[in-house]
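Each remark here refers to the structure printed beneath this line.
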There are 2 protein chains.
Amino acid sequence: MARPRKPLLSRERIVGAASALVDSEGLGAVSTRRLAAELGVSGPSLYNHFRNKDEILEAVADAVSAKVDLSMFEESDSRDWRTALHDWAVSYRAALTEHPNVVPVLARGPGRRPAALRVADAVFGAMVRAGWPPAQATRIGALMRYFVTGSALGSFARGFVDDEAAYDPCDYPHLGQAHLLAERQEEIDEGAFETGLRALLDGLAAQHETLVRAGGPGHPRVDGP
Amino acid sequence: MARPRKPLLSRERIVGAASALVDSEGLGAVSTRRLAAELGVSGPSLYNHFRNKDEILEAVADAVSAKVDLSMFEESDSRDWRTALHDWAVSYRAALTEHPNVVPVLARGPGRRPAALRVADAVFGAMVRAGWPPAQATRIGALMRYFVTGSALGSFARGFVDDEAAYDPCDYPHLGQAHLLAERQEEIDEGAFETGLRALLDGLAAQHETLVRAGGPGHPRVDGP
DNA sequence: ACCTGAACACCGTTCAAGT
DNA sequence: ACCTGAACACCGTTCAAGT
């Protein structure tokens, strides 16, 4: 065939097919050859649009980041920092749990992915505006990412095998009911996430309390990441 | 050569070589052929000792879990639940950050790995003993795992590229200093972990407060995972 | 510019053959 | 029981050749 008059591929088409493949069959199912076959072209064609396979996966990951709601961090938004952080975390987690197979790629950090950088920018900016010193704002962005990606990466409940015989009461005296975890996966993971998020925000709010008490009502503004 | 009088391989030797390879060159460097070469045997030899490559990686991961200190959860230990949880989280994270390349395997959950199951058993048992209802004890185990694995999986700081040009001030107005994050990786990730852990424990302690206030001093004991 | 087939250096795993 | 080489069906990526 060689070069067609109208390009067969585009970055968008490749990312779309790759996303579908990751979602349906997992990261392991994505090979350049398989992906190309799905698109009706030969393997090497992809290299006209992406430098390598990793670049394709990065684009897939960034499409997930783009789904994260950031409206709570806009200056015009009325939500306070705590509510904003909560709503953001919920939206962030929802985006990840909709595409759990992509989380390992996302967890590597924003890198050069624009949507991921926009997320980092928004949360850092909003925390500084709320009166957090920049170093603390950075920590908050980091610890929220730890918690959200950790919760989306591995379902806690599905991490336990659904096989009563796997939990010998002599070895694991408290895991007698562990084989039931997998059945109630969503309920358990959701509950743990909500409990943890609430605890995290309660703890941060207490810290913010002592901060404004010490620094007065004026919001200190310093630059820094 | 065929069968030697003394076996050339053992599960221990294979796991040791695989661990060294993962630590030094990453998960991607572990192929059955490469690992076998490192051990001075041919690729298929490994299949006399493990069913497949994944079983080898599981064993590598479990060796990391085995390094997590659990002494704070023993009945004879004097630490209260909050201190125990803190000390455990610190030890857990230390084990993971010593072997960051193994974290993606560990993050899949305990599965059938004995050391990982012992960890889950210990924390759940201790939380129930501390008066947490079983459902809450499960959630605590889950949310702590989210946070610790999340913090060990992807360094927050190293997730940002060390290249000032990557952060266009028009696109990311608050990331002007982001290129400096990578240099201070350890300080930032450690700070975020400590801040998050403290917030988490503060929040949980507040919840425990209202619990014992409502339920009285008697520790309710119900069974469940 | 954009696609192709051929080629290179790899994979994980199976299996019959050896001792 | 435990190791071997050969084989199968895959990989990611490069590259000259085509239009």
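In the text below, chain A, chain B and the rest are named by the order of the sequence lines, each starting its count at 1. Computed from heavy atoms alone, side chains included, the values below leave out hydrogens, waters and symmetry copies.
- Note on A:Arg108 versus A:Glu58: salt bridge recorded, some NZ/NE/NH1/NH2 to OD/OE distance being below 4.0 Å.
- For D:dC11, the OP1/OP2 oxygens have no side-chain nitrogen or oxygen of A:Thr32 closer than 4.0 Å.
- Rounding to whole angstrom units, CZ of residue A:Arg33 and P of D:dT14 are separated by 13 Å.
- In this structure, B:Phe50 places its CZ atom 13 Å from P of C:dT13, rounding to the nearest Å.
- A perpendicular orientation is assigned to the rings of B:Tyr172 and B:Tyr167, their planes being inclined by more than 60° (bins at 30° and 60°).
- For the pair B:Arg112 and B:Glu55, the salt-bridge criterion is not met [side-chain N within less than 4.0 Å of a carboxylate O].
- Comparing atom distances between the A:Tyr47 side chain and each of D:dT14, D:dC3, C:dG12 picks out D:dT14 as nearest.
- To the nearest angstrom, C1' of C:dT4 lies 13 Å from CG of A:Leu46.
- B:Glu25 places none of its side-chain heavy atoms less than 4.5 Å from the side chain of B:Val30.
- Positionally, the nearest nucleotide of DNA chain D for B:Pro44 lies more toward the 5' end than for the other of A:Arg34 and B:Pro44.
- Side-chain atoms of B:Pro7 lie closest to D:dC3 of the nucleotides C:dC2, D:dT13, D:dC3.
- Contact annotation: A:His49 reaches the phosphate of C:dC3 (side-chain N/O to OP1 or OP2, under 4.0 Å).
- The distance from atom CZ of B:Arg11 to atom C1' of D:dC2 is 15 Å, rounded to the nearest whole Å.
- The strand DNA chain D forms stems, runs of 3 or more Watson-Crick or G-U wobble pairs with distances below 3.5 Å, at C:4-8 with D:12-16, C:12-16 with D:4-8.
- If you measure from atom CZ of A:Arg51 to atom P of C:dC2, you get 16 Å, rounded to the nearest angstrom.
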Worksheet item: Should A:Glu194 and A:Val90 be marked as a side-chain contact (heavy atoms from CB on, under 4.5 Å) after you check the CA-CA gap, both sets of side-chain angles, and the distance that decides it?
Response: CA-CA 9 Å; A:Glu194 276 297 341; A:Val90 169; 4.1 Å; yes
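- As a whole-Å value, the separation of B:Asn52 CG from C:dC11 P is 17 Å.
- Of the side-chain N and O atoms in B:Ser42, none sit less than 4.0 angstrom from OP1 or OP2 of D:dC3.
- Residues A:Leu117 and B:Asp171 are not in side-chain contact: their nearest non-hydrogen atoms beyond the backbone lie 4.5 Å or more apart.
- Taking only side-chain nitrogens and oxygens, B:Ser31 never comes nearer than 4.0 Å to OP1 or OP2 of C:dC10.
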Going through the distances and angles, do B:Ile14 and B:Leu46 end up as a side-chain contact (heavy atoms from CB on, under 4.5 Å)?
CA-CA 8 Å; B:Ile14 294 170; B:Leu46 301 173; 3.9 Å; yes
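- Rounded to a whole Å, the CG atom of A:Asn48 is 17 Å from the P atom of D:dG18.
- In this structure, NZ of A:Lys53 is placed 12 Å from C1' of C:dC11, rounded to the nearest angstrom.
- At the heavy-atom level, A:Arg5 lies nowhere under 4.0 Å from the strands shown.
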